[in-house]
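Worksheet: one structure, shown below.
Since we're looking at a predicted model, the values are computed, not measured. Numbers restart at 1 for each chain; the letters A, B, ... are given by sequence-line order, proteins then strands.
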Amino acid sequence: MSLKRTHKCGELNASHAGQDVVVCGWVDNWRDHAGVFFVDLRDRYGRVQVVFSPENPPAFAAAQKFRSEYVLAVKASVAKRPENAINKELSTGEIELHVLEVEVLNASKTPPFPIKDYVDVSEDIRLTYRYLDLRRPALRDKILMRHKIAQLTREFFNGEGFIEVETPILTKSTPEGARDFLVPSRLREREFYALPQSPQTYKQILMIAGLDRYYQIVKCFRDEDLRKDRQPEFTQIDVEMSFIDEDDIMSLMEKFVQKLFRQTIGAKIQLPLPRHTYQDCMRRFGSDKPDTRFGHELCDLTPVFQGTEFRAFQSAASEGYIGGLYFPEAVAFSRKQTDDLIALAKSFGAKGLAWMKYQDGAFDGGISKFISDAEKSRLVEQVGMASNGLLLIVSDENVELAQTVLGVIRNRLAAELNLIDESKLALHWTVDFPMLEYSPDEDRYVARHHPFTSPKPEDMGYIDSAPEKARARAYDLILNGNEIAGGSIRIHTREMQEKVFSALKLTPEEARAKFGFLLDALSFGAPPHGGIAFGFDRLVMLLSGSSSIRDVIAFPKTASAMGLMENTPSEVDEAQLKELNIRLIH
RNA sequence: GGGGUCGUAGUUCAGCCCGGUUAGAACGCCUGCCUGUCACGCAGGAGGUCGCGAGUUCGAAUCUCGUCGGCCCCGCCA
């Protein structure tokens with residue numbers, strides 16, 4: 001390479017006119033007009049038009065062979081374009097490069113898909129040739145935004161006196177939470193490391209070590225099934241602070257989020273953010289992470305159906321919950337559309353979904369003929385029906401299940417009926433989560449957040465007597481119906497931690513084996529502390545307007561957790577297995 | 001583990017229901033022409049194991065079963 005780059009393609013503009021420059025980049029497009037040959041040269045910074053003309057015979061001859069994705073170094077003089085040739089679409093559109101000398105740094109095969117944002121390509125091909133997809137401006141810009149958000153994060157936390165500390169990747173398998181990725185130990189046969197689901201215990205121990213304020217942008221690993229917003233390895237902004245309470249954390253994180261929104265998408269966030277209790281969220285929206293960009297709240301219809309003759313509602317009316325959603329916008333729904341909603345409700349565990357249309361003062365269709373006139377008039381009043389609409393009803397003995405199903409339907413209908421103002425940013429905290437949750441599978445209570453979360457002092461008594469009533473000092477940050485961060489004030493005494501372990505049916509022996517180091521640490525003067533973790537990928541996804549987390553990760557896995565470019569996972573040599581004392585059983 | 005959906009030229013898709021010509025289109029690619037285009041234009045051309053494997057049939061891109069892969073969802077996961 002004899003030409004040395006002096007400028008980036010995308011940075012050139014009219015102020016460079018008259019200068020000689022050297023730029024390097026890829027042939028984004030070429031246009032052969034016989035007497036003149038245009039090349040759009042692309043790099044990370046943008047695109048610039050290069051003009052090859054017969055006035056420079058060697059360069060002009062060379063240009064005839066240029067094709068898409070050839071890599072060129074071009075020495076040229078920057079010239080203002082003729083007035084009628086200015087391209088207003090391009091930041092470099094006022095100038096063009098008149099070639100003095102050109103060097104082909106590399107040729108390229110015809111790419112499997114054009115490197116253009118406007119070309120639709122299926123995702124498996126994009127993933128197989130990720131380096132080509134990453135050349136496309138739209139994906140490149142998302143990766144650039146990810147970088148910017150990481151830098152803003154460091155800037156913010158450094159400015160607030162936090163220190164970044166790395167925690168181990170080879171760590172210890174723990175019983176609670178997600179399935180671990182295991183790493184066999186060569187030096188200690190029959191033993192395994194686990195990749196961290198999060199650095200939770202390490203950051204608590206850093207607080208016990210007196211580091212006071214910690215953060216880390218850190219990879220976490222969970223061996224669970226993937227979703228469009230879930231990858232087996234993902235990144236968290238992990239935060240922990242000492243001598244604070246939940247108000248301190250929430251107000252500081254609000255400032256962080258405010259800064260991020262201002263400096264990435266230029267949005268103003270009004271502080272403080274609203275807080276809703278878990279119970280209110282469930283009651284009003286049927287979700288612990290409700291999308292509050294639109295209304296259409298749930299309506300408790302349990303009182304309406306006390307003593308009902310309608311069989312399907314009887315048990316829920318007496319010992320459960322009957323809830324409704326009223327959508328005037330869905331009054332013209334077809335049978336197929338209501339059937340689809342019923343299928344959706346069932347897929348989330350509802351026994352069914354009842355519906356009726358309310359039109360010109362009368363109920364029609366669905367279950368209307370099973371409902372008494374008295375119930376109908378109570379319905380009109382309870383729901384506050386002021387116009388025609390579709391009423392959807394879910395009943396179940398399990399209150400949370402019924403509310404959750406209504407929440408799912410609320411979201412689906414809002415999307416289907418275009419009721420969501422996409423320009424809105426609805427941020428709030430969900431607080432006062434239940435601390436424990438009964439798991440029928442395991443026949444015990446499990447921690448809803450994680451087993452290190454502190455109960456609210458006033459609910460301490462419930463831990464033994466009525467575990468499901470105890471609330472945790474936990475908080476989630478919700479943006480447009482997505483959980484973007486979650487955290488808690490931690491338990492900081494050994495006694496309380498042991499008590500919670502025992503409520504989780506962890507025997508003292510198990511507790512010592514799995515978390516002995518933490519229990520020990522707690523007994524050496526652990527300060528009160530708490531923290532939070534942001535889902536970094538999810539945050540970038542939302543700020544960049546992406547529909548999948550894969551679009552903000554340079555090298556993501558497919559839904560079946562494979563890497564299509566490098567072909568992971570893959571088999572390993574017998575010798576490697578032997579060294580690790582591993583034998584495959586089939 | 002379960003459900004849905006997709007898989008046809010390099011790419012995006014049509015054809016599939018109702019089996020039967022040489023499997024089409026657009027873009028891309030190649031060749032030629034074109035001195036101001038910028039998703040240039042014009043003319044011509046090449047390009048297919050219809051994901052893979054069985055089955056039904058005289059005959060399968062088309063019907064059936066299985067399998068592999070992409071995407072979405074439930075379970076799982078915070």
Side-chain angles (χ1 to χ4, degrees), chain A residues 28-42 47-55 60 67-69 81-90 92-93 96 109-129 132 176-180 197-198 200 220-232 234 236 288-289 340 343-350 404-405 408 412 430 433 437 439 441 446-450 453 472 474-478 482-488 532-535 538 547-548 550 557-560 562 564 567:
Chain A
D28 189 65
N29 207 359
W30 53 277
R31 294 173 295 279
D32 181 0
H33 286 259
V36 62
F37 195 103
F38 298 102
V39 164
D40 296 332
L41 206 61
R42 178 191 67 238
R47 206 152 55 103
V48 67
Q49 174 164 279
V50 184
V51 187
F52 295 81
S53 79
E55 288 160 39
F60 186 70
R67 293 295 180 267
S68 295
E69 301 311 308
R81 294 197 191 186
E83 200 65 43
N84 61 350
I86 287 174
N87 184 346
K88 291 198 175 69
E89 306 291 302
L90 219 54
T92 61
E96 61 192 9
K109 294 205 292 186
T110 301
F113 56 88
I115 314 303
K116 311 280 185 200
D117 283 333
Y118 61 83
V119 175
D120 229 9
V121 186
S122 62
E123 198 154 353
D124 47 341
I125 294 166
R126 292 175 51 202
L127 289 170
T128 304
Y129 300 96
L132 298 180
E176 301 287 310
R179 187 181 296 112
D180 287 317
Q197 297 175 25
S198 81
Q200 182 59 37
C220 304
F221 306 86
R222 291 175 189 163
D223 189 6
E224 298 292 349
D225 287 2
L226 292 81
R227 288 285 188 280
K228 69 169 187 263
D229 61 352
R230 265 166 38 191
Q231 286 270 307
F234 61 99
Q236 281 188 349
D288 60 358
K289 45 175 177 156
D340 285 350
L344 179 70
K346 285 183 173 166
S347 80
F348 277 82
T404 301
V405 170
V408 167
R412 166 68 66 92
T430 301
F433 280 86
E437 182 173 44
S439 161
D441 280 359
V446 296
R448 201 180 170 97
H449 184 59
H450 57 54
T453 301
Y475 32 81
D476 280 0
L477 181 57
I478 311 302
N482 298 279
E483 180 195 331
I484 57 171
S488 63
I532 194 165
F534 287 78
R538 207 172 286 182
S547 53
S548 159
R550 293 185 299 275
K557 303 280 189 283
T558 67
S560 53
M562 298 200 296
L564 293 183
N567 191 23

Just call it for [X]: base, sugar-phosphate, or nothing, with non-hydrogen atoms closer than 4.0 Å on any strand.
{"X": "A:Glu96", "value": "base"}
{"X": "A:Glu123", "value": "sugar-phosphate"}
{"X": "A:Arg67", "value": "sugar-phosphate"}
{"X": "A:Arg550", "value": "sugar-phosphate"}
{"X": "A:Ser198", "value": "nothing"}

Going by purine N1 to pyrimidine N3 plus the second Watson-Crick contact, or the G-U wobble pair, all under 3.5 Å, which nucleotide sits opposite [N]?
{"N": "B:G44", "value": "B:C30"}
{"N": "B:G69", "value": "B:C6"}
{"N": "B:G24", "value": "B:C13"}

Non-neighbouring partners of [X] that pass side-chain contact (heavy atoms from CB on, under 4.5 Å), sequence neighbours left out:
{"X": "A:Ser547", "value": "none"}
{"X": "A:His449", "value": "A:Thr453, A:Ser488, A:Arg490"}
{"X": "A:Val408", "value": "A:Leu344, A:Phe348"}
{"X": "A:Asp28", "value": "A:Asp40, A:Arg42, A:Arg47, A:Lys116"}

- Going by distance alone, is a donor N or O of one side chain under 3.5 Å from an acceptor N or O of the other, for A:Ser439 and A:Asp441? no
Check nucleotides 13-15 of chain B for protein N or O atoms closer than 3.5 Å to its own N or O atoms and list the pairs.
none

What is the distance, rounded to the nearest whole Å, between atom [atom1] of [X] and atom [atom2] of [N]?
{"X": "A:Ile115", "N": "B:U11", "atom1": "CD1", "atom2": "P", "value": "13 Å"}
{"X": "A:Asp229", "N": "B:C71", "atom1": "CG", "atom2": "C1'", "value": "14 Å"}
{"X": "A:Asp340", "N": "B:G3", "atom1": "CG", "atom2": "P", "value": "19 Å"}
{"X": "A:Phe37", "N": "B:C33", "atom1": "CZ", "atom2": "C1'", "value": "15 Å"}
{"X": "A:His33", "N": "B:C38", "atom1": "NE2", "atom2": "P", "value": "7 Å"}
{"X": "A:Leu90", "N": "B:C38", "atom1": "CG", "atom2": "P", "value": "13 Å"}
{"X": "A:Lys228", "N": "B:C71", "atom1": "NZ", "atom2": "C1'", "value": "11 Å"}
{"X": "A:Lys88", "N": "B:U37", "atom1": "NZ", "atom2": "C1'", "value": "16 Å"}

- Task: Would you indicate whether the side-chain heavy atoms of A:Leu226 and A:Arg550 approach each other to under 4.5 Å?
- Result: no
- Message: Could you tell me if the side chain of A:Asp124 sits less than 4.5 Å from the side chain of A:Thr558, heavy atoms only?
- Response: no
Rounded to whole angstrom, note down the [atom1] distance from [N] over to [M].
{"N": "B:U21", "M": "B:A61", "atom1": "P", "result": "10 Å"}
{"N": "B:U56", "M": "B:U62", "atom1": "P", "result": "15 Å"}
{"N": "B:C16", "M": "B:C63", "atom1": "C1'", "result": "10 Å"}
{"N": "B:G36", "M": "B:G41", "atom1": "P", "result": "14 Å"}
{"N": "B:G15", "M": "B:A26", "atom1": "C1'", "result": "15 Å"}
{"N": "B:G66", "M": "B:G4", "atom1": "P", "result": "12 Å"}
{"N": "B:C68", "M": "B:C27", "atom1": "P", "result": "38 Å"}

- Query: How far apart are the closest heavy atoms of A:Gly486 and A:Asp476, and which atoms are they?
  - Reply: CA-OD1, 3.3 Å
- Identify the heavy atoms of A:Gly35 and A:Pro54 that sit nearest to each other, and give their distance. O-CD, 3.0 Å
- Where the side chain of A:Arg538 meets the backbone of A:Ile484, is there a donor-acceptor pair that is under 3.5 Å apart? no
- Using only side-chain N and O atoms of A:Thr110, determine if any of them is under 4.0 Å from OP1 or OP2 of B:C29. no
- Message: Please confirm whether the shortest side-chain N or O distance from A:Ser560 to OP1 or OP2 of B:G70 is below 4.0 Å.
- Response: yes
- Salt bridge flag under 4.0 Å for residues A:Glu483 and A:Lys289: no
- Under the side chain to side chain donor-acceptor pair (under 3.5 Å) test, residues paired with A:Gln197 that sit two or more places apart: A:Asp180
- Item | Reading 5' to 3' through nucleotides 4-10 of chain B, protein heavy-atom contacts under 4.0 Å coded B for base, S for sugar-phosphate only, - for none | ------S
Close N/O contacts between protein and nucleotides 41-43 of chain B (under 3.5 Å):
none

Could you go through nucleotides 74-77 of chain B and list every protein N or O atom that sits under 3.5 Å from one of its N or O atoms, giving the distance for each pair?
from  : atom 1 : to       : atom 2 : distance (Å)
B:C74 : OP2    : A:Arg227 : NE     : 2.9
B:C74 : OP2    : A:Arg227 : NH2    : 3.4
B:C74 : O2'    : A:Ser347 : O      : 3.2
B:G75 : N7     : A:Arg227 : NH2    : 2.9
B:G75 : O6     : A:Arg227 : NH1    : 3.0
B:G75 : O6     : A:Arg227 : NH2    : 3.1
B:G75 : N1     : A:Asp225 : OD2    : 2.7
B:G75 : N2     : A:Asp225 : OD2    : 3.3
B:C76 : O2'    : A:Glu224 : OE1    : 2.4
B:C76 : O2     : A:Arg230 : NH2    : 3.2
B:C76 : N3     : A:Arg230 : NH1    : 3.4
B:C76 : N3     : A:Arg230 : NH2    : 2.9
B:C76 : N4     : A:Arg227 : NH2    : 3.4
B:C76 : N4     : A:Arg230 : NH1    : 3.2
B:C77 : O2     : A:Arg230 : NE     : 3.4
B:C77 : O2     : A:Arg230 : NH1    : 2.7
B:C77 : N3     : A:Arg230 : NH1    : 3.2

- Counting only heavy atoms not in A:Tyr129, do more than 12 sit closer than 6.0 Å to its OH atom? no
- Query: Of the nucleotides B:U35, B:U37, B:G70, which one has an atom closest to the side chain of A:Ala85?
  - Reply: B:U37
- Listed nucleotide nearest any side-chain atom of A:Ala559, set B:C29, B:C71, B:G70: B:C71
Taking salt bridge (charged side-chain N to carboxylate O under 4.0 Å, His left out) as the definition, give me every residue that meets it alongside [X], ordered by chain and number, with sequence neighbours left out.
{"X": "A:Glu55", "value": "none"}
{"X": "A:Lys557", "value": "A:Glu233"}
{"X": "A:Asp32", "value": "none"}

- Take A:Val36 and A:Val119, find for each the nucleotide of RNA chain B with the closest heavy atom, and name the residue whose nucleotide sits nearer the 5' end. A:Val119
- Item | Earlier contact from the 5' end, RNA chain B, for A:Trp30 and A:Leu127 | A:Trp30
- Message: Can you tell me how the ring of A:Trp30 sits relative to the ring of A:Phe37, calling it parallel under 30°, perpendicular over 60° and tilted otherwise?
- Response: parallel
